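Position 1 is the first residue of the sequence, and the numbers go up from there. Values reported hereafter were calculated over all heavy atoms of this structure, with side chains retained and with hydrogens, waters and symmetry mates removed. These figures come from a predicted structure and were not determined experimentally.
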Amino acid sequence: MARTLRLAVAQSTVPEDPTDRGALRAAGREIRALMAEAADAGARLVQFPEGAITYPSKHVMAAGPDGELAPADWSRAAWDVLREEAESIAALAGKLRLWTAFGSIHPLTPPNRPHNSLFIVSDRGELVARYDKRFLSHTEVSYLYTPGREPVVFEVDGIRIGCALCVEANFPPLFAEYERLDVDCVLLSVMVDDAPRARIAQAYGTLYSYWLGYSIPAQFSTTVPSGIVAPGGRWLAQCPADGQPAVAVADINLDSTDPDIDVALRYARPWRRSAQNGLYDDRRVTGDPRSDTHTAF
């Protein structure tokens with residue numbers, strides 16, 4: 001049986017004002033249009049950016065009367081619209097038989113601040129997982145959000161997939177953790193106009209020999225567009241770098257005969273694991289340490 005999953009990675013227009021009901025509705029419509037495009041391309045899973053329905057700007061939600069930052073007043077957010085748009089996305093996922101991962105905010109009981117989350121909806125239209133961003137920026141943790149606690153791994157057609165959000169790219173232990181959890185792919189959804197973040201995604205593909213979905217807002221795509229990184233670090237597919245909504249599609253194939261993917265999966269990843277698990281323990285110098293001084297030639 002083939003072990004293949006067709007992944008679509010989207011770049012959608014991300015609004016930054018959760019009080020703007022019209023912008024939230026427009027974001028939902030655009031997400032659903034891109035879902036249909038992904039389904040037409042044969043995708044089984046589509047990934048959207050961090051905060052795809054909304055990524056609240058600190059200047060909108062955490063601005064004090066004199067312009068200084070202050071704790072956000074989340075009662076101002078249009079929570080009813082956010083819920084309705086999320087439900088409409090889930091309903092379409094079921095209709096299209098398309099797994100869908102999209103970012104938004106998740107409310108907690110006041111006075112707790114919300115989570116910044118990635119929602120995972122199955123091809124039956126059911127919310128099956130929610131990844132809550134664990135490592136927040138200084139502004140996020142000080143004024144906006146509650147950090148999450150746990151990694152999230154879900155399976156689609158036997159392919160194991162992990163989740164990460166934006167600034168978490170700067171925390172290698174999270175990506176090493178997903179390697180230990182034996183994922184085949186990590187979805188890294190971001191809300192940042194930052195070329196180095198994409199290079200970091202490629203580096204994790206090289207270091208841990210898994211696929212990465214890298215999803216960025218359409219408005220930032222002229223710097224680096226959304227795309228899919230192969231084990232070994234090569235871009236398999238990318239959206240146009242034109243600032244417009246789009247999807248890029250590539251196959252996660254665990255039995256790939258592509259030379260660099262095959263080397264990464266069959267050789268590099270197993271060797272790295274064995275090297276870390278005692279491969280060299282019985283080959284190190286033993287005996288009188290004076291015979292191995294570092295100050296003699």
Side-chain angles (χ1 to χ4, degrees), residues 1-12 31 33-50 52 93 96-103 118 120-121 123 153-164 169 175 178-179 182-190 195 197-218 220-221 223-242 244-266 268-269:
M1 181 180 294
R3 299 184 297 165
T4 302
L5 171 74
R6 179 156 292 180
L7 170 65
V9 175
Q11 56 190 38
S12 60
I31 289 168
L34 291 170
M35 290 170 64
E37 185 176 336
D40 286 344
R44 285 284 289 137
L45 166 66
V46 61
Q47 172 194 2
F48 287 90
E50 179 183 31
L96 297 174
R97 305 298 291 177
L98 177 69
W99 285 74
T100 304
F102 66 94
L118 189 70
I120 311 301
V121 176
D123 61 354
V153 176
F154 64 100
E155 284 196 18
V156 181
D157 300 343
I159 305 296
R160 290 175 56 80
I161 301 165
C163 307
F175 293 82
Y178 280 125
E179 200 285 328
D182 202 30
V183 303
D184 303 301
C185 176
V186 172
L187 305 182
L188 175 57
S189 293
V190 307
R197 198 72 50 96
R199 292 197 291 271
I200 291 171
Q202 287 184 273
Y204 288 134
T206 302
L207 288 171
Y208 299 121
S209 300
Y210 47 49
W211 282 264
L212 282 102
Y214 184 77
S215 181
I216 194 163
F220 298 152
S221 66
T223 300
V224 178
S226 294
I228 299 164
V229 176
R234 171 171 56 93
W235 288 106
L236 284 176
Q238 287 185 280
C239 294
D242 59 3
Q244 298 302 308
V247 295
V249 178
D251 289 336
I252 297 172
N253 183 356
L254 301 185
D255 300 307
S256 174
T257 57
D258 186 295
D260 59 339
I261 296 177
D262 182 65
V263 167
L265 294 181
R266 244 67 65 187
R269 191 169 184 178

- Minimum-distance pair of heavy atoms, taken over all atoms of A8 and A38: CB-CB, 3.6 Å
- Between the main-chain N or O of G232 and the side-chain N or O of T206, is there a donor-acceptor pair closer than 3.5 Å? yes
- Below 4.5 Å, heavy atoms only, C-beta onward: do L254 and W211 meet side chain to side chain? yes
- Query: Minimum heavy-atom separation for V229 to A201, with atom names?
  - Reply: CG1-O, 4.3 Å
- Message: I need the minimum non-hydrogen distance between P49 and S12, along with the two atoms involved.
- Response: CD-OG, 3.4 Å
- Query: So how far is it from Q244 CD to S221 OG, rounded to the nearest 0.5 Å?
  - Reply: 7.5 Å
- Answer yes or no: is there a side-chain heavy-atom contact under 4.5 Å between L34 and F48? yes
- Message: When you measure from the side chain of Q11 to the backbone of P240, do you find a donor-acceptor pair of N or O atoms at a distance under 3.5 Å?
- Response: yes
- Message: Quick check against the 3.5 Å criterion: does D184 have a side-chain atom that pairs as donor or acceptor with the backbone of R160?
- Response: yes
- Task: Write down the atom of V183, the atom of G162, and the distance for their closest heavy-atom approach.
- Result: CG1-N, 4.0 Å
- Query: At what distance, to the nearest 0.5 angstrom, does CG of L187 lie from CG of L45?
  - Reply: 6.0 Å
- Query: For Q238, which of V224, V9, I228 qualifies under side-chain contact (heavy atoms from CB on, under 4.5 Å)?
  - Reply: V224
- Which one of R44, R6, R3 satisfies the side-chain hydrogen bond (donor to acceptor under 3.5 Å, both in side chains) criterion with D157? R44
- Could you check if a side-chain atom of L7 sits within less than 4.5 angstrom of a side-chain atom of I161, using non-hydrogen atoms only? no
- Task: Dump the intermediate steps for side chain to side chain contact (heavy atoms under 4.5 Å, CB included) on N253 and T4, then the final yes or no.
- Result: CA-CA 4 Å; N253 183 356; T4 302; 3.4 Å; yes
- Query: Quick check: does any side chain N or O of T223 sit under 3.5 Å from a backbone N or O of A195, one acting as donor and the other as acceptor?
  - Reply: no
- Tell me, with the steps shown, if I261 and L236 meet side chain to side chain contact (heavy atoms under 4.5 Å, CB included). CA-CA 11 Å; I261 296 177; L236 284 176; 4.3 Å; yes
- Here the gap from L118 atom CG to C163 atom SG, rounded to the nearest 0.5 Å, amounts to 5.0 Å
- Using a 4.5 Å cut-off on heavy atoms from C-beta on, say whether the side chain of L188 contacts that of I200. no
- Check whether any side-chain heavy atom of Y214 lies under 4.5 Å from a side-chain heavy atom of S226, and answer yes or no. no
- Query: Looking only at heavy atoms, which two atoms of I216 and P225 are closest? And how far apart?
  - Reply: CG2-C, 3.8 Å
- Could you give the distance from CG (L96) to CE (M35), rounded to the nearest 0.5 Å? 5.5 Å
- Mind checking the OH-CG spacing from Y210 to L265? Nearest 0.5 Å is all I need. 13.0 Å
- Task: Would you mind reporting whether L212 and Y204 have side-chain heavy atoms less than 4.5 Å apart?
- Result: yes
- Under the criterion side-chain contact (heavy atoms from CB on, under 4.5 Å), which of D123, V46, V121 is the partner of L98? V46
- Under 4.5 Å between any side-chain heavy atoms of F175 and Y208, yes or no? yes
- Would you give the length of the straight line joining atom CZ of R266 to atom OG of S209, rounded to the nearest 0.5 angstrom? 10.5 Å
- Side-chain touch F154/W99, heavy atoms, less than 4.5 angstrom: yes
